Participant: 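Before anything else, here's the structure in question.
The structure displayed is predicted, hence computed values, not measured ones. For reference, positions follow the sequence shown, starting with 1.
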Amino acid sequence: MSKHHLSHASQLYFGDAYNAKAFAANERPGAPFNPLTKVSLGSPAVFDADGLVKAATSTEMPNASTKTYTTATAGTTPLDSAIAAPSTVFLNGANRLVWVLDVPRNITTINADAGTTAALTITVTGYDYYGQPMTETITSAATATSIVADGKKAFKYIYSIAITSAADATANTLNMGWGDVLGLPYALPAKSDFLTNGCYFNETLQATAPTVVAAVTTTASATTGDVRGTIDLNSATDGSAVSVWYRTDPASTDTLFGVTQA
């Protein structure tokens, strides 16, 4: 396959049509040209509600403290049989022992209790598709019986999960896994840049448009969305190939690959 760089310009125009007012605004004749990019999102596996933490309860949960799980505790409850063994991956300049998700995707939590659940703050630390460090704080409020709180960022690698409670959460039962919200490899400038009738699942055009969230373009934090944006397909992931079309902005590293992770 041969490759060629079309242009270093961040805005392209084509044609010779001239209008004085348009030329004054665009500094070019013709019409603006905004090419679409076809992106493969791989073949995401079925979402797994307890793929990371499986039924953590009793002393596995914090009591007005923080309980942290890392790859060093893989294979022991509540990480027993919940996830595949961690792998050593070269990330951000060093070898890291991490859990590797099949594709960049969001983290899910289900916090349950027979009575009222104690509120939790769950901090997930890991890396994105490009190996950049990232952190997300997911808040699970106190509520009757059960509450679902899902993350908004797309993790590719996970290093640790810290569960914090201001009260006694040992009666809670916490499950954590990964969801159907998929991360994009290039930043989506705006929802209007996504071609909703260009989303394919198992080589079949999705009849119902996905839920699309554009990239965070301001300063990222542990509670903001994904720096490149996400999509949630109408169809549940099942290992089928996913591909989408959207317009990117290659004007700078930040506009194409997202602002700095946090």
Side-chain angles (χ1 to χ4, degrees), residues 34-55 81-84 98-112 122 124 126-130 134 136 138 140 146-158 161 174-217 224-249 256-258 261:
N34 296 302
L36 294 173
T37 300
K38 181 183 178 182
V39 173
S40 169
L41 301 184
S43 301
V46 177
F47 69 88
D48 191 336
D50 61 3
L52 293 171
V53 172
K54 188 173 184 178
S81 304
I83 53 178
V98 291
W99 293 298
V100 183
L101 300 183
D102 59 337
V103 298
R105 56 202 307 170
N106 74 318
I107 304 304
T108 63
T109 74
I110 304 175
N111 182 22
I122 302 165
V124 182
Y127 301 84
D128 69 5
Y129 178 74
Y130 295 107
M134 59 188 291
E136 181 168 28
I138 303 170
S140 181
S146 179
I147 186 169
V148 174
D150 294 341
K152 298 176 286 186
K153 295 187 177 186
F155 282 84
K156 174 61 179 173
Y157 309 96
I158 297 174
I161 298 168
L174 177 68
N175 286 294
M176 294 183 62
W178 51 84
D180 269 343
V181 176
L182 307 178
L184 299 172
Y186 304 110
L188 177 66
K191 290 176 65 174
S192 58
D193 290 307
F194 191 90
L195 187 63
T196 54
N197 63 344
C199 182
Y200 285 81
F201 179 75
N202 196 23
E203 286 300 305
T204 301
L205 180 66
Q206 289 272 274
T208 301
T211 300
V212 178
V213 178
V216 169
T217 56
T224 56
D226 194 84
V227 299
R228 285 180 288 277
T230 59
I231 68 163
D232 187 0
L233 299 174
N234 182 59
S235 298
T237 55
D238 63 1
S240 297
V242 177
S243 58
V244 297
W245 290 81
Y246 62 99
R247 189 190 74 83
T248 60
D249 182 359
L256 185 59
F257 297 103
Q261 288 279 17

Participant: Does any non-hydrogen side-chain atom of Lys38 lie less than 4.5 Å from one of Ser243?
Facilitator: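 Counting from C-beta outward, Ser243 and Lys38 do come under 4.5 Å.
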Participant: Do Ile122 and Met176 touch side chain to side chain, with heavy atoms closer than 4.5 Å?
Facilitator: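 Counting from C-beta outward, Ile122 and Met176 do come under 4.5 Å.
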Participant: Could you pull out all residues at least two apart from Asp48 that satisfy salt bridge (charged side-chain N to carboxylate O under 4.0 Å, His left out)?
Facilitator: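 None.
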Participant: Would you tell me whether Asp238 and Ser240 have side-chain atoms, one donor and one acceptor, within less than 3.5 Å of each other?
Facilitator: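 Note: Asp238 and Ser240 side chains meet the donor-acceptor criterion.
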Participant: What are the two closest heavy atoms between Pro189 and Ala214, and how far apart are they?
Facilitator: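 Nearest heavy atoms, Pro189 then Ala214: O-CB, 4.1 Å.
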Participant: In chain order, what residues pass the side-chain contact (heavy atoms from CB on, under 4.5 Å) check against Asn106, with sequence neighbours excluded?
Facilitator: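 With sequence neighbours excluded, Asn106 shows a side-chain contact (heavy atoms from CB on, under 4.5 Å) to Thr108, Asp150, Val181, given in chain and number order.
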Participant: Is there a side-chain contact between Val213 and Lys191, using heavy atoms and a 4.5 Å cut-off?
Facilitator: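 The answer is no; the side chains never approach within 4.5 Å.
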Participant: Sequence neighbours excluded, which residues qualify as salt bridge (charged side-chain N to carboxylate O under 4.0 Å, His left out) partners of Asp102?
Facilitator: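 Here the qualifying residues are Arg105.
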Participant: Not counting sequence neighbours, which residues clear side-chain contact (heavy atoms from CB on, under 4.5 Å) with Lys152? List them please.
Facilitator: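 Once residues adjacent in sequence are excluded, the partners of Lys152 under the side-chain contact (heavy atoms from CB on, under 4.5 Å) criterion are Glu136.
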Participant: After noting the C-alpha distance and the side-chain angles of Val244 and Leu195, does the key distance pass the side chain to side chain contact (heavy atoms under 4.5 Å, CB included) rule?
Facilitator: CA-CA 8 Å; Val244 297; Leu195 187 63; over 6 Å; no
Participant: Can you list the residues that meet the side-chain contact (heavy atoms from CB on, under 4.5 Å) rule with Ala241, with sequence neighbours excluded?
Facilitator: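 Applying side-chain contact (heavy atoms from CB on, under 4.5 Å) to Ala241 gives Ser43.
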Participant: Out of the candidates Thr237, Leu233, Ile231, only one should pair with Leu41 under the side chain to side chain contact (heavy atoms under 4.5 Å, CB included) rule; please name it.
Facilitator: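 One option only clears the test, and that one is Ile231.
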Participant: Using every non-hydrogen atom in the two residues, find where Pro185 and Tyr129 come nearest and quote the distance to one decimal.
Facilitator: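 Taking every non-hydrogen atom into account, CB-CE2, 4.2 Å.
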Participant: Any idea which heavy atoms bring Ala209 and Thr196 closest together, and the distance?
Facilitator: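 For Ala209 and Thr196, the tightest heavy-atom pair comes out as CB-CB, 3.8 Å.
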Participant: Is the shortest side-chain heavy-atom distance between Val103 and Leu182 below 4.5 Å?
Facilitator: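 Of all side-chain heavy-atom pairs linking Leu182 with Val103, at least one is under 4.5 Å.
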Participant: Under a 3.5 Å cutoff, is there a donor and acceptor pairing between the side chains of Ser140 and Asn111?
Facilitator: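 Side-chain D/A pair, Ser140 to Asn111: present.
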Participant: How many angstroms lie between atom CD1 of Ile107 and atom CD1 of Ile161, to the nearest 0.5 angstrom?
Facilitator: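 Interatomic distance, Ile107 CD1 to Ile161 CD1, rounded to 0.5 Å: 7.0 Å.
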Participant: Would you call Lys156 and Tyr127 a side-chain contact if the rule is heavy atoms closer than 4.5 Å?
Facilitator: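 No, their side chains stay 4.5 Å or more apart.
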Participant: Locate the shortest heavy-atom distance separating Thr230 from Leu184; write the atom from each residue and the value.
Facilitator: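 That closest heavy-atom pairing would be N-CD1, 4.2 Å.
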Participant: So which pairs with a foot in residues 177-209 pass ring pair (Phe, Tyr, Trp, His ring centres under 6.0 Å), sequence neighbours left out?
Facilitator: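 Only Tyr186-Phe257 qualify under ring pair (Phe, Tyr, Trp, His ring centres under 6.0 Å).
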Participant: Go through Val39 and Trp245 one step at a time and tell me if the side chain to side chain contact (heavy atoms under 4.5 Å, CB included) criterion holds.
Facilitator: CA-CA 6 Å; Val39 173; Trp245 290 81; over 6 Å; no
Participant: Looking at Arg228 and Asp128, is any side-chain nitrogen of the basic one under 4.0 Å from a carboxylate oxygen of the acidic one?
Facilitator: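 Salt bridge flag = yes for Arg228 with Asp128.
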Participant: Of the non-hydrogen atoms in Leu188 and Tyr246, which two are nearest, and what is the gap between them?
Facilitator: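 In this case the closest contact between Leu188 and Tyr246 is CD1-CD1, 3.6 Å.
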Participant: Hey, does Val216 have a side-chain heavy atom less than 4.5 Å from the side chain of Asp226?
Facilitator: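 Not in contact.
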Participant: Nearest heavy-atom pair of Ala154 and Gly183: which atoms, and what distance?
Facilitator: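 So the minimum-distance heavy-atom pair works out to CB-CA, 3.4 Å.
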Participant: Do Ile110 and Leu174 come within less than 4.5 Å of each other through their side chains, counting heavy atoms only?
Facilitator: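 Side chain of Ile110 against side chain of Leu174, heavy atoms only: no contact under 4.5 Å found.
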Participant: With heavy-atom distances below 4.5 Å as the criterion, would you say the side chains of Val98 and Val100 are in contact?
Facilitator: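 With C-beta onward as the side chain, the pair touches.
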Participant: Would you tell me whether Asn234 and Gln206 have side-chain atoms, one donor and one acceptor, within less than 3.5 Å of each other?
Facilitator: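 No, because no side-chain N or O of Asn234 sits under 3.5 Å from a partner of the opposite role on Gln206.
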